[in-house]
Amino acid sequence: GSAELQEWLVPLTRGQPLITLRRCAIPAVRAFLAEVRIAVLLMVPIMADGSHWGQVVFAECREDREWAADDLKILTMLGEVIGAAVTRERFFGQAQQRELLLRAINDSAAEIMTASDLHLAITNSLGIVARAIGVDRVMVQELVPQPGSLSGLAPQRVLRNFWHAPGAPLQLPELVQILARPYHPEVAAWMEPLKGGVAVQAQLSQATGAIREILQGFQSQAVLMVP
């Protein structure tokens, strides 16, 4: 089954090459290799930044083959070279993104500090930063203390500024509704670091429970909140 196939591939995640002869494989793997008509399979892992990024696959379809130790070392080097190239590309990509983000922050700060219309300047700045980091919606939320006798209650959450990319769903009524109701305890605990000046983030693919519901309500694949 799929569990057997996943267990078979575990050595790759640890950076170890994997050689499989169909005639010696466990049933699930033997069935898979028979389906794709492979007699011997060699997979060499590609590691990038210490994590399993992928693999180079060598297949012998006609007959069993014994891989010499020297051949295996050379083919493993191929995976290492590809992994190093991927790591380098990631580094350059991250450096370029940081440069774009710093430039966007500087442009935004200049616009905000010299603006006669602060609300418009903040909205424009949200768009500058959003385009630099490649997101399609940004909002500014203000926490307004409850007045008088209600001061013991949680602050009211008010949507102050909002920017969205062309074609992205606006979702303003849904956002206002989500912000108006009390957060689930699980969501409140997730957001607690914001009070100490620490950003929080979540991805829909990994989120569960109430946090996943919030992301679904926002119609977002990922959310980053910065205090």
Side-chain angles (χ1 to χ4, degrees), residues 1-106 129-138 165 190 193 198-208 211-212 215 220-226:
S2 59
E4 288 181 307
L5 292 176
Q6 290 175 7
E7 183 66 23
W8 168 55
L9 297 172
V10 164
L12 292 171
T13 67
R14 299 171 180 163
Q16 302 168 357
L18 180 62
I19 302 176
T20 306
L21 278 68
R22 186 174 68 197
R23 59 181 171 80
C24 301
I26 60 176
V29 176
R30 187 165 61 248
F32 165 72
L33 295 178
E35 182 180 352
V36 294
R37 299 181 180 180
I38 292 176
V40 185
L41 188 67
L42 167 63
M43 290 189 281
V44 176
I46 300 171
M47 308 298 287
D49 292 328
S51 299
H52 181 219
W53 181 86
Q55 52 269 339
V56 185
V57 180
F58 302 91
E60 173 58 67
C61 302
R62 291 167 293 182
E63 58 185 17
D64 287 355
R65 172 175 181 164
E66 294 292 335
W67 293 91
D70 288 343
D71 290 343
L72 185 56
K73 288 180 181 179
I74 293 172
L75 295 174
T76 300
M77 287 175 58
L78 175 61
E80 293 172 352
V81 169
I82 295 174
V86 170
T87 300
R88 183 186 61 187
E89 185 178 45
R90 282 182 178 177
F91 173 79
F92 286 139
Q94 291 168 356
Q96 290 175 341
Q97 185 173 11
R98 284 194 295 269
E99 177 65 26
L100 288 174
L101 180 56
L102 286 172
R103 190 181 307 160
I105 294 297
N106 288 334
V129 174
R131 285 186 287 268
I133 60 176
V135 299
D136 53 22
R137 284 185 295 175
V138 189
W190 168 63
V198 178
V200 299
Q201 60 180 314
Q203 292 78 37
L204 183 63
S205 60
Q206 301 175 9
T208 59
I211 297 175
R212 182 177 181 83
L215 291 173
S220 297
Q221 295 298 314
V223 168
L224 170 66
M225 295 188 180
V226 180

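In plain terms, the two heavy atoms of V56 and I82 that are nearest each other are CG2-CD1, 3.8 Å. For L12 against V44, the heavy-atom pair with the smallest separation is CD2-C, 4.4 Å. Residues Q203 and L215 share a closest heavy-atom pair of C-CD1, 3.7 Å. Considering all non-hydrogen atoms of both residues, L78 and F58 come closest at CD2-CZ, 4.0 Å. Minimum heavy-atom separation, A202 to I211: CB-CG2, 4.0 Å.
Applying the 6.0 Å contact sphere to CH2 of W53 captures no more than 12 heavy atoms from other residues, nucleotides or ligands. Residue-environment remark: CD (Q16) exceeds the threshold of 12 foreign heavy atoms within 6.0 Å.
Here CD of Q55 is found 7.0 Å from CG of L9. Values are rounded to the nearest 0.5 Å. Taken to the nearest 0.5 Å, the CG atom of D71 stands 10.5 Å off from the OG1 atom of T76. Interatomic distance, CD1 of I19 versus CD of E60, reported as 13.0 Å (0.5 Å rounding). Interatomic distance, S2 OG to E7 CD, rounded to the nearest 0.5 Å: 12.0 Å. With values rounded to the nearest 0.5 angstrom, E99 atom CD is found 9.5 Å from Q96 atom CD. Rounded to the nearest 0.5 Å, atoms CD (Q97) and CZ (F92) are 15.5 Å apart.
No donor-acceptor distance shorter than 3.5 angstrom exists from the side chain of R137 to the backbone of A165, with no hydrogens or angles considered. T87 contributes a side-chain N or O that, together with a main-chain N or O of D49, makes up a donor-acceptor pair within less than 3.5 Å. Under the 3.5 Å distance criterion, the side-chain polar atoms of W8 are left unmatched by any main-chain donor or acceptor of A3.
Side-chain contact between L204 and R212 is present, with at least one heavy-atom pair separated by less than 4.5 Å. Residues E4 and F32 are not in side-chain contact: their nearest non-hydrogen atoms beyond the backbone lie 4.5 Å or more apart. Looking at heavy atoms from C-beta onward, T20 lies in side-chain contact with L33 at the 4.5 angstrom threshold. Taking the side chain as every heavy atom from C-beta outward, V29 and L5 approach each other to under 4.5 Å. A heavy-atom distance below 4.5 Å is found between the side chains of M47 and H52.
Remark: E89 engages no residue in a salt bridge (charged side-chain N to carboxylate O under 4.0 Å, His left out) (not counting sequence neighbours). For R23, the salt bridge (charged side-chain N to carboxylate O under 4.0 Å, His left out) partners two or more places apart in sequence, or in a different chain, are D64.
When each of V138, L101, L100 is paired with V129, the side-chain contact (heavy atoms from CB on, under 4.5 Å) condition holds for L101 and for no other.
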